[in-house]
J.: 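Take a look at this one; I'll ask things after.
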Amino acid sequence: AVAQTYSSAGISIARKGEQFSALSGCSNPSTLTLTSPARFVVDCPKNTAGIKKSAAEFGFANSDTVTKVRFGTHADKIRVVFDLASDSIK
């Protein structure tokens, strides 16, 4: 399978099958997990003064693990949220 790239606000991720990788444009990320619904969050500290406030969403109907990936621009960071297919975060 060929890797597909998804990006917003200068942050990019790559998806090949069920594997997500290559978070580029993000230095010193922090991560957290959330439940109900299950999500994996990556915060990329970034001065967003020159970036238009935006949000982007990419859905994955054929994925068993990630149903969608969302990007959001905040005052001090870009947040990437992976919405997971089940509530079992390990």
Side-chain angles (χ1 to χ4, degrees):
V2 174
Q4 296 173 301
T5 302
Y6 305 90
S7 8
S8 181
I11 306 294
S12 298
I13 60 166
R15 176 187 182 213
K16 186 174 183 179
E18 291 293 316
Q19 183 178 10
F20 289 82
S21 61
L23 185 64
S24 63
C26 182
S27 298
N28 301 315
S30 61
T31 62
L32 66 131
T33 56
L34 302 170
T35 57
S36 298
R39 289 155 289 162
F40 179 72
V41 178
V42 180
D43 284 332
C44 301
K46 196 172 202 109
N47 179 350
T48 59
I51 299 174
K52 182 179 165 186
K53 186 167 175 76
S54 65
E57 182 176 300
F58 302 95
F60 306 109
N62 61 343
S63 174
D64 293 332
T65 55
V66 176
T67 58
K68 66 183 161 189
V69 175
R70 298 177 282 135
F71 294 82
T73 306
H74 301 270
D76 60 344
K77 66 185 168 226
I78 307 292
R79 176 167 276 185
V80 183
V81 179
F82 295 84
D83 290 336
L84 305 178
S86 72
D87 278 338
S88 59
I89 297 178
K90 299 187 180 184

J.: Name the orientation class of the two ring planes belonging to Phe71 and Phe58 (parallel below 30°, tilted from 30 to 60°, perpendicular beyond 60°).
T.: perpendicular
J.: If you compare all heavy atoms of Thr5 against all heavy atoms of Ser12, which two are closest, and at what distance to 0.1 Å?
T.: CG2-CB, 4.2 Å
J.: Rounded at 0.5 Å granularity, tell me how far CG in Leu34 sits from CG in Asp83.
T.: 10.0 Å
J.: Kindly give the heavy-atom pair with the smallest separation between Cys26 and Asp43, and that separation in Å.
T.: SG-O, 4.4 Å
J.: Evaluate the side chain to side chain contact (heavy atoms under 4.5 Å, CB included) criterion for residues Leu84 and Thr67: first the C-alpha distance (whole Å), next the side-chain angles of each, then the deciding distance (0.1 Å), finally the verdict.
T.: CA-CA 6 Å; Leu84 305 178; Thr67 58; over 6 Å; no
J.: Work out which heavy atom in Ser27 is nearest to a heavy atom in Pro45; give both atom names and the distance.
T.: O-CD, 3.5 Å
J.: Considering non-hydrogen atoms only, spot the tightest contact between Val41 and Arg79 and give its length.
T.: CG1-NE, 3.3 Å
J.: Can you tell me how far apart CD (Gln4) and CD1 (Ile13) are? Round to the nearest 0.5 Å.
T.: 10.5 Å
